[in-house]
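Everything numeric in this text was worked out from a predicted model, so none of it was measured. Naming: A, B, ... by sequence-line order, numbering from 1 per chain.
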4 protein chains.
Amino acid sequence: MAGSVNKVILIGNLGADPEVRRTQDGRPVVNLRIATSESWRDRNTNERRERTEWHRVVIFSEGLCRIAEQYLKKGSKVYLEGQLQTREWEDQSGQKRWTTEIVLQGFNSTLTMLDGRSGGGGDFADSGSGGSDFGRSSPMDRGGGNAPSRPQRDDFDDEIPF
Amino acid sequence: MAGSVNKVILIGNLGADPEVRRTQDGRPVVNLRIATSESWRDRNTNERRERTEWHRVVIFSEGLCRIAEQYLKKGSKVYLEGQLQTREWEDQSGQKRWTTEIVLQGFNSTLTMLDGRSGGGGDFADSGSGGSDFGRSSPMDRGGGNAPSRPQRDDFDDEIPF
Amino acid sequence: MAGSVNKVILIGNLGADPEVRRTQDGRPVVNLRIATSESWRDRNTNERRERTEWHRVVIFSEGLCRIAEQYLKKGSKVYLEGQLQTREWEDQSGQKRWTTEIVLQGFNSTLTMLDGRSGGGGDFADSGSGGSDFGRSSPMDRGGGNAPSRPQRDDFDDEIPF
Amino acid sequence: MAGSVNKVILIGNLGADPEVRRTQDGRPVVNLRIATSESWRDRNTNERRERTEWHRVVIFSEGLCRIAEQYLKKGSKVYLEGQLQTREWEDQSGQKRWTTEIVLQGFNSTLTMLDGRSGGGGDFADSGSGGSDFGRSSPMDRGGGNAPSRPQRDDFDDEIPF
DNA sequence: TTTT
DNA sequence: TTTT
C-alpha cells in the first residue's frame with residue numbers, strides 16, 4: 001500500500017542484558033527487553049501508582065546489533081525508532097501464537113543511548129545497510145547477493161563510537 | 001519510571017468498519033484493524049513484493065471514539081498516535097495468551113482522517129480530558145485575555161467536524 | 001486543513017536556564033534553548049566532527065511551564081514534543097523578521113526530563129489543561145481541586161487490563 | 001553530543017510545485033513549501049477559525065529529490081520526516097538573517113505521498129545514500145563528489161515506484 | 001549557550 | 001526483568 005507509516009518510538013530501560021544470537025548464515029540478531037513506565041497519583045486513594053509496559057525489541061541491522069552488543073546492558077536507557085511486526089509461531093502443543101515485536105531494520109530505524117554508561121554514548125541509525133547482511137528478504141532488503149565493494153554500513157560504523 | 005516514552009505512529013487503512021462496544025458503565029470502546037504495507041522489488045527475482053502488517057487499535061478516549069464511529073469505515077486512511085500495551089488473557093483452554101494493541105487514550109493520543117470520505121476530515125486529539133478541565137481556550141490560543149467561560153475540551157468537540 | 005500533522009520531537013540539552021516570563025494577564029511563558037548535536041568521523045581527514053543545532057522552544061502550557069521552572073536548568077537533558085510555528089516580528093529598523101520556534105501548548109505537547117538532576121525526573125504532558133490542575137501531582141492526574149465526579153484517570157485504571 | 005534527537009514529522013500539502021535546483025557539482029536540491037493547518041471554533045464568537053503554518057522543506061537526498069520531482073506538485077499531500085536546521089544568510093543590506101528549514105537528508109529522512117495523484121504513491125526513505133558520499137563525512141555531508149560505483153540509493157530507487 |  |  002502506498003502511503004503507509006509504521007513507526008514506534010520508545011524511551012525506556014533494558015530489563016536485561018542484550019541477548020545476541022546468530023542466524024544460520026551468520027548474521028547477528030539482538031533481542032532487547034525494554035520497559036516503559038507511567039506513574040501517577042491515584043486521586044481517590046492518593047497513592048502513587050505505576051504501570052510498566054514491557055516491549056520486545058529485535059534488531060536485525062548489523063550496525064545496530066553491534067552497538068547493542070558493545071554498549072547496552074541491563075538498566076541502560078535508550079531511545080529507539082523501529083516498526084511493529086507481529087509474527088506467528090507455534091507453541092509446544094502445536095497451537096498458533098502471535099508475538100508483536102518492535103523491529104529495528106533498515107532505514108528509519110534508530111538506536112541512541114541516553115545514559116553515558118560504559119563510556120559509550122552515541123547516536124546511531126541504520127542506513128539501510130550495505131551489503132550482504134541486510135534484509136535479504138524483507139521489504140528492506142536491498143540487496144544481498146554480490147558483496148558490495150564497500151558496504152555502507154561499515155562506513156557508518158567507522159564513524160562510531162566517537 | 002521517569003523519562004520514558006511509549007509512542008506509536010501509524011498511517012494505514014482500516015481493514016473493516018470500526019467495532020464499537022460499551023463498557024459496563026457505558027463508556028465507549030472502539031476497536032480498529034489497521035493495515036500498513038511496504039512494497040519493494042526483489043532484486044534477485046525482479047518481482048514486486050509486498051508485506052502487510054495488521055495492527056489492533058483500541059480507542060478509549062470518548063472523543064476519539066465518537067470520531068471513529070462517525071467518520072471511519074472500512075478502507076478509511078488514518079494517521080494516529082497511541083501507545084503500545086500488551087494485555088494478558090486466557091484462551092478457551094485456559095492458557096495464557098498475550099495481545100499487543102495500540103491504545104488511544106489520554107494526552108498524546110491522536111486520530112486524523114487522511115481521506116475526505118464522508119464529507120469528514122479533520123484533526124483530532126484526545127486531551128485526555130474529561131470535561132471541564134481542558135483547554136480554557138483553543139489549541140492555538142495563547143492568550144486570550146478574557147477568560148473563556150467554557151472549557152476548551154468542549155470547544156474542541158464542538159469544532160469537529162469542520 | 002483537515003488531516004495535517006505538525007510535530008517536532010527533540011532530545012537535547014538546555015544551553016541555559018529556562019527563561020520565565022508572564023503575559024499581561026499573568027500566565028507563564030517559558031523559553032528554552034535546546035541543543036541537539038550529531039558527531040561523525042570525517043572519512044577523508046579522519047577527524048572527528050560535530051554539528052550542533054540550536055532550537056528555540058516556547059512553552060505556553062501552564063503545567064509544562066511549571067515543570068520547566070522547577071526541574072530544568074542549564075545542561076538538563078529533555079525529551080519534548082511540540083509543533084513548529086514561525087512568527088513575524090519587526091527589528092529595530094522596522095524590518096520584518098521571522099523566527100521559527102517549537103511551541104509546547106495544548107494536546108500532543110510533552111516534556112520529559114531525561115536526567116535525574118534535582119531529584120526531579122518525570123514524564124509530563126500537556127493535556128491542554130487549564131490552570132491549576134496540572135502538574136500538581138502527576139501527568140496522569142487530572143484531578144485537582146474539586147474531585148471530579150468521575151476522574152478519567154480512575155476510568156483509565158479501571159479499564160486495564162481489559 | 002551523544003544521545004540527541006532532532007526530528008520533524010509533517011503531514012501537509014504543497015503550496016506550490018517543487019522547486020528544483022542543482023548544486024555546482026550537479027547534485028539536485030529540491031525545495032518544498034508545505035502547509036499544515038489547524039481549525040477550531042472560537043468559543044467566544046462561535047466562528048470557525050483556522051491557522052495555517054507554512055514550512056520550508058529542503059531535500060538533499062538524491063533519491064527523495066527524484067521522487068519529489070516526479071510525483072509531487074502543488075496541492076499534493078505528503079508525510080515526511082526530516083530534521084530542523086537553521087541557517088544564517090545575509091540580506092541585501094548585509095544584515096544577518098536566519099531561516100529554519102526541515103532538511104531531508106540521510107538516514108531517518110522519509111517522504112511519502114498520501115494522495116494517489118499522478119499514478120504515483122509510495123513510501124520512500126533516504127537510506128543515507130549510497131555509496132561514496134555517505135558516511136564519508138557526515139550525515140550532513142551533502143557532498144559526494146566521486147560518483148559512487150553502485151549507489152545504494154539507486155538500488156532503492158529501483159524498487160520504486162511500484 | 002548544552003552535551004559527550 | 002528496568003528505571004525513578
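- Under 3.5 Å, the side chain of Ser37(C) and the base of dT4(E) form no donor-acceptor pair of N or O atoms.
- In this structure, CD1 in Ile11(C) is found 7.0 Å from OH in Tyr79(C), a value given to the nearest 0.5 Å.
- Between Met113(C) atom CE and dT4(F) atom P the separation is 12 Å, expressed in whole Å.
- Aromatic stacking of Trp54(A) on dT2(F): not satisfied for centres closer than 5.5 Å together with planes under 30 degrees.
- Atom P of nucleotide dT2(F) and atom CD1 of Ile34(A) are separated by 14 Å, given to the nearest angstrom.
- Atom-to-atom, CZ of Arg33(A) to P of dT1(F) comes out at 11 Å; the value is rounded to the nearest Å.
- Not a single donor-acceptor contact under 3.5 angstrom links the side-chain atoms of Ser39(C) to the base of dT4(E).
- Between the OH atom of Tyr79(C) and the P atom of dT3(F) there is a distance of 22 Å, given to the nearest Å.
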When you look at Arg51(C) and Glu53(C), which way does the salt bridge (Lys or Arg N to Asp or Glu O under 4.0 Å) test go after all the steps?
CA-CA 7 Å; Arg51(C) 184 187 200 283; Glu53(C) 193 67 38; 2.3 Å; yes
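- The nearest whole Å value for the distance from the CG atom in Leu32(C) to the P atom in dT2(E) is 15 Å.
- Computed from coordinates, the Asn13(C) CG to dT4(E) P distance equals 7 Å when rounded to whole Å.
- The interatomic distance linking Asp115(C) (CG) with dT3(E) (P) rounds to 10 Å, in whole Å.
- The structure places CG of Leu80(C) at 9.0 Å from OG of Ser109(C), a figure rounded to the nearest 0.5 Å.
- Nearest nucleotide to the Glu50(A) side chain, out of dT3(E), dT3(F), dT1(F): dT3(F).
- Between the C1' atom of dT1(E) and the CG atom of Asn31(C) lies a distance of 14 Å, rounded to the nearest Å.
- Listed here is the closest heavy atom pair of Lys77(A) and Gly3(B): NZ-O, 3.2 Å.
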